[in-house]
Undergrad: 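My questions will all concern the structure given below.
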Protein chains: 2
Amino acid sequence: MPHNIRTILERLNSSEYRVTWQRWAIIKEIVLNKDRQLSAEDVYNLIKQDYPEIGLATIYRTLDLLTDLGMLQRVSFGDGKTRYGLADGGSQYQNHLICVRCGAVEAFDEAFLRSLEEAVGEANQFQVIDHEVKFFGVCKACQKEAPARQRS
Amino acid sequence: MPHNIRTILERLNSSEYRVTWQRWAIIKEIVLNKDRQLSAEDVYNLIKQDYPEIGLATIYRTLDLLTDLGMLQRVSFGDGKTRYGLADGGSQYQNHLICVRCGAVEAFDEAFLRSLEEAVGEANQFQVIDHEVKFFGVCKACQKEAPARQRS
DNA sequence: GTTGTTGCAAACTGTTTGCATAGTA
DNA sequence: TACTATGCAAACAGTTTGCAACAAC
């Protein structure tokens, strides 16, 4: 279920919503940076390079819209900013390795989580719909720079 | 490694920091509500009942201090507020089941996660220090109220 | 007495909203 | 044309900070 620019615009088009160049530009940046999870301001700055007239409020409104339509999903890393990534059917973008040294964020495959989700749901009589898993630690690059210590 | 009021105050006392009634009160509320994860404002409102003179800024400063000292840890549920819970050695309070209907939050045992942490760390050459796992879904109580549907 | 801590108010940051204007279908 | 979407500025919510008064050790 690949989410490219075309599929998203088609879906927008077939709804009651309109396709504007602003929405096009926002979707473009999200797709081009699908490995990164952009914040509203990230998107704003990227687009302003080419179209200085765009407004921050438009970014927020469009990001909300695309999230409501199920094309994006919100992620937060606890830094006070909401970030957005392609929803992409499954939720592989909800699984993160976050480096506590350099702040790098990478995704990991969620195959690991299938059985966990089931086991936890059963044990707690909780009907699981979605998950969000973050592992904090030291990434490969930072491990090389200095011997790793436990959190100070 | 139980964190009760006494141990925390002792640790504060043996540091360069001072023990004030404000800090005492804040720690008391956190410990009394250790099953709940309070936000700064939650703590503020609780304490104001008994001591209306306390200031919100003090709450924030103390919560930051206790977090830096490793006694508390920050948690966020994506609602824009930072919440705090006892760090308590391990991190069982970082595992949450969040009901998307009523907003209830409960913790689940982390025994499930030990092997997952190892496997993911190894597969990605990432040295895991801590984790934060959230399952979103429908809690037992809400399942009774109405037949469960997928997220609308 | 010295130095850390507090309350208050002002400042900040990320996000939302009202409104007149502009653009899409 | 009809109605949605935009940009701007003001409004908001949560959090941080400067500072003079105050309290712990």
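Chain letters run A, B, ... following the sequence lines, proteins first and then strands; every chain starts at 1. We use all heavy atoms of the structure for the numbers below, so side chains are in, but hydrogens, waters and symmetry mates are not.
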Undergrad: Choosing from D/dA5, D/dT15, C/dT6, which nucleotide comes nearest the side chain of B/Thr82?
TA: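 So the nucleotide nearest the side chain must be D/dT15.
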Undergrad: For the side chain of B/Arg61, starting at C-beta, report the closest nucleotide among C/dT6, D/dC25, D/dG7.
TA: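 Between C/dT6, D/dC25, D/dG7, the one nearest the side chain of B/Arg61 would be C/dT6.
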Undergrad: For the residue pair A/Thr67 and A/Asp64, confirm or rule out a side-chain donor-acceptor distance under 3.5 Å.
TA: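 No.
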Undergrad: Just compare C/dG7, C/dT16, C/dG14 and give me whichever is closest to any side-chain atom of B/Thr58.
TA: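 Among the listed nucleotides, the one closest to the side chain of B/Thr58 is C/dG7.
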Undergrad: Report the residue (B/Gly80 or A/Thr62) whose heavy-atom-nearest nucleotide on DNA chain D is the more 5′ of the two.
TA: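 The answer here is A/Thr62.
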Undergrad: Does D/dA23 have its OP1 or OP2 closer than 4.0 Å to a side-chain nitrogen or oxygen of B/Gln22?
TA: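 The answer is no; no side-chain N or O of B/Gln22 sits under 4.0 Å from OP1 or OP2.
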Undergrad: On the 0 to 90° scale, with breaks at 30° and 60°, tag the B/Phe135-A/His131 ring pair as parallel, tilted or perpendicular.
TA: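 The rings of B/Phe135 and A/His131 stand perpendicular, inter-plane angle above 60°.
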Undergrad: Roughly how many Å is it from CH2 in A/Trp24 to P in C/dT24, rounded to a whole number?
TA: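 Between P of C/dT24 and CH2 of A/Trp24: 14 Å.
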Undergrad: Return the value, rounded to whole Å, for the distance between atom CD1 of B/Ile47 and atom C1' of C/dG7.
TA: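 Rounding to the nearest Å, CD1 of B/Ile47 and C1' of C/dG7 are 14 Å apart.
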Undergrad: Does a side-chain N or O of B/Arg23 approach OP1 or OP2 of C/dT5 to a distance below 4.0 Å, or not?
TA: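 B/Arg23 to C/dT5 OP1/OP2: side-chain N or O found under 4.0 Å.
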Undergrad: Let me check something: do B/Val43 and B/Leu32 share a hydrophobic cluster, defined by ILVMFWY side-chain heavy atoms less than 4.5 Å apart, either directly or through other members?
TA: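 No; B/Leu32 is not reachable from B/Val43 via cluster members.
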Undergrad: Taking NZ from A/Lys81 and C1' from C/dC12, how many angstroms apart are they, rounded to a whole number?
TA: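 The distance from NZ of A/Lys81 to C1' of C/dC12 comes to 13 Å, rounded to the nearest Å.
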Undergrad: Find which nucleotide of DNA chain D each of B/Asp79 and B/Val19 is nearest to by heavy atoms, and output the residue with the more 5' nucleotide.
TA: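 The 5'-side residue here is B/Asp79.
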Undergrad: Just the rounded figure in Å: distance from C1' of C/dG14 to CG of A/Asp42.
TA: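 So the two atoms are 13 Å apart, to the nearest Å.
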Undergrad: Let's see if you can work this out: which of C/dT5, C/dT15, C/dA9 has an atom nearest to the side-chain heavy atoms of A/Ala40?
TA: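 Out of C/dT5, C/dT15, C/dA9, the nucleotide with an atom closest to A/Ala40's side chain is C/dT15.
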Undergrad: Output the distance between atom CD (A/Gln73) and atom CD (A/Glu132), rounded to the nearest 0.5 Å.
TA: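 It comes to 8.5 Å.
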Undergrad: I need the CD-C1' distance between A/Glu53 and C/dG23, as an integer number of Å.
TA: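 After rounding, the reported distance stands at 14 Å.
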Undergrad: Check the distance between C/dT3's P and B/Glu16's CD and give it to me in whole angstrom.
TA: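 After rounding, the reported distance stands at 13 Å.
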Undergrad: So if I take every side-chain heavy atom of A/Arg18 and compare against D/dC25, D/dA2, D/dG7, which nucleotide ends up nearest?
TA: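 Nearest nucleotide to the side chain: D/dA2.
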Undergrad: Which one, C/dT5, D/dG7, D/dG14, comes nearest to the side chain of B/Tyr60?
TA: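 Taking heavy atoms from C-beta onward, the closest nucleotide is D/dG14.
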Undergrad: Atom CD1 of A/Ile59 to atom P of C/dT13: distance rounded to whole Å?
TA: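 Between P of C/dT13 and CD1 of A/Ile59: 19 Å.
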Undergrad: Nearest whole Å is fine: how far is C/dA22 C1' from A/Trp21 CH2?
TA: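 Interatomic distance, CH2 of A/Trp21 to C1' of C/dA22: 12 Å.
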Undergrad: Please determine which of B/Trp21, B/Tyr44, B/Trp24 meets the ring pair (Phe, Tyr, Trp, His ring centres under 6.0 Å) test together with B/Tyr51.
TA: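 Filter result, single survivor: B/Trp21.
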Undergrad: Indicate, with a heavy-atom threshold strictly under 4.0 Å, whether A/Ile54 touches base, sugar-phosphate, or nothing.
TA: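 The answer is sugar-phosphate, as A/Ile54 gets under 4.0 Å only of primed atoms, P, OP1 or OP2.
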